[in-house]
Amino acid sequence: PRLSDNGQTLYYLTGDAKAIIRYDITSKKETEIFRSDSAIYYIAFSPDLKEMVFRYWFHNPNELWQLSLEGGDPKLLIALDADERVRFPVWTPDGKYVLFPTMNSEKLYRVSMDGEKDLLECQVDMKNRRYPQVHSDGKRIAFTQLRGNYQEVWAIENFLPVKKDPGSIR
């Protein structure tokens with residue numbers, strides 16, 4: 001779930017993971033923003049709460065979709081060619097990029113939200129690392145890492161993405 005900055009609106013995924021709901025706390029009115037036939041997974045809301053990104057659970061896990069929180073149909077943001085499996089997307093604080101690690105290749109990617117197919121591969125090994133969070137300065141990220149039966153919290157400063165071969169994205 002995500003609460004608006006003014007505390008008046010709550011956005012959340014339904015229990016069956018197939019719909020995004022906007023709940024007005026004052027009026028107690030629920031509005032369904034989007035419903036899917038497939039389960040929605042790995043959601044992330046933009047800092048201004050105007051958009052969100054997500055991956056479908058069984059419908060091509062190599063795709064990341066973008067949806068306006070005003071409603072409408074989602075649009076494909078990025079599709080990776082290889083079986084990498086997008087997971088744990090997170091927005092940069094300025095709303096210009098979304099970072100997401102992949103499961104099978106264990107890489108961290110950054111995609112531009114300006115409509116350009118600008119996929120950057122960050123030089124971070126994401127094996128057993130999850131839940132990246134971007135600092136407000138946009139230059140540091142933190143994440144958890146599985147170590148046996150426990151988790152550690154790690155931070156990276158000044159991570160430097162490199163251009164990805166454009167032939168590997170659609």
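Throughout, residue positions are numbered sequentially from 1 according to the sequence presented.
What you find for Pro47 and Pro93 is that their closest heavy atoms are CG-O, 3.4 Å. The minimum heavy-atom distance between Leu10 and Pro1, with the atom names listed, is CD1-CB, 4.1 Å. Smallest separation of non-hydrogen atoms from Pro89 and Ala44: O-CB, 3.2 Å. The two atoms that bring Arg85 and Pro61 nearest to each other are NH1-CG, 3.2 Å, heavy atoms only. Looking at every heavy atom in both residues, Ser38 comes nearest to Lys18 through O-CG, 3.9 Å.
With rounding to the nearest 0.5 angstrom, the CD atom of Gln66 is 4.5 Å from the NZ atom of Lys75. Interatomic distance, OG1 of Thr14 versus CZ of Phe34, reported as 11.0 Å (0.5 Å rounding). In this structure, CZ on Arg2 lies 11.5 Å from OG1 on Thr9, to the nearest 0.5 angstrom. Considering OH of Tyr23 and OG1 of Thr31, their distance stands at 11.0 Å, rounded to 0.5 Å. Distance CD1/Ile20 to CZ/Arg35: 10.0 Å, rounded to 0.5 Å.
The hydrophobic cluster containing Leu3 also contains Ile21, counting ILVMFWY residues as joined when their side-chain heavy atoms lie under 4.5 angstrom apart, directly or transitively. Leu76 and Ile33 end up in the same hydrophobic cluster when Ile, Leu, Val, Met, Phe, Trp and Tyr side chains are linked at under 4.5 Å.
Proximity of Phe54 to Leu13: side-chain heavy atoms (C-beta onward) are nowhere separated by under 4.5 Å. Looking at heavy atoms from C-beta onward, Thr92 lies out of side-chain contact with Val98 at the 4.5 angstrom threshold. Looking at Tyr11 and Met52, their side chains never come closer than 4.5 Å, going by heavy atoms from C-beta outward. In this structure the side chain of Phe100 reaches within 4.5 angstrom of the side chain of Leu80, judged on heavy atoms. Using a 4.5 Å heavy-atom cutoff, the side chains of Phe88 and Val90 are not in contact. Side-chain contact between Leu69 and Lys50 is absent, with no heavy atoms from C-beta onward closer than 4.5 Å. Side-chain atoms of Ser112 and Lys96, non-hydrogen and from C-beta on, never get closer than 4.5 Å to each other. The shortest distance between side-chain heavy atoms of Leu108 and Phe143 does not fall below 4.5 Å.
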Run Glu51 and Phe45 through side-chain contact (heavy atoms from CB on, under 4.5 Å) and show every step you take. CA-CA 6 Å; Glu51 298 178 283; Phe45 296 95; over 6 Å; no

Determine, step by step, whether Leu49 and Asp5 satisfy the side-chain contact (heavy atoms from CB on, under 4.5 Å) criterion, reporting the C-alpha distance in whole Å, the side-chain angles of both residues, the deciding distance to 0.1 Å, and the verdict. CA-CA 9 Å; Leu49 279 176; Asp5 289 341; 5.9 Å; no

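A donor-acceptor pair is defined here as one N or O able to donate and one able to accept, closer than 3.5 Å; no such pair exists between the side chain of Ser46 and the backbone of Gly95.
Shown here is Asp16, whose CG atom has more than 12 heavy atoms of other residues, nucleotides or ligands within 6.0 Å.
Between Tyr56 and Trp65, the ring-plane angle classifies as perpendicular under the 30° and 60° cut-offs.
Stacking of Arg55 on the aromatic ring of Tyr42 is not recorded, the 6.0 Å distance cut-off and the 45° axial limit not both being met.
Scanning for side-chain hydrogen bond (donor to acceptor under 3.5 Å, both in side chains) contacts around Asp137 gives His135, Arg140, with sequence neighbours left out.
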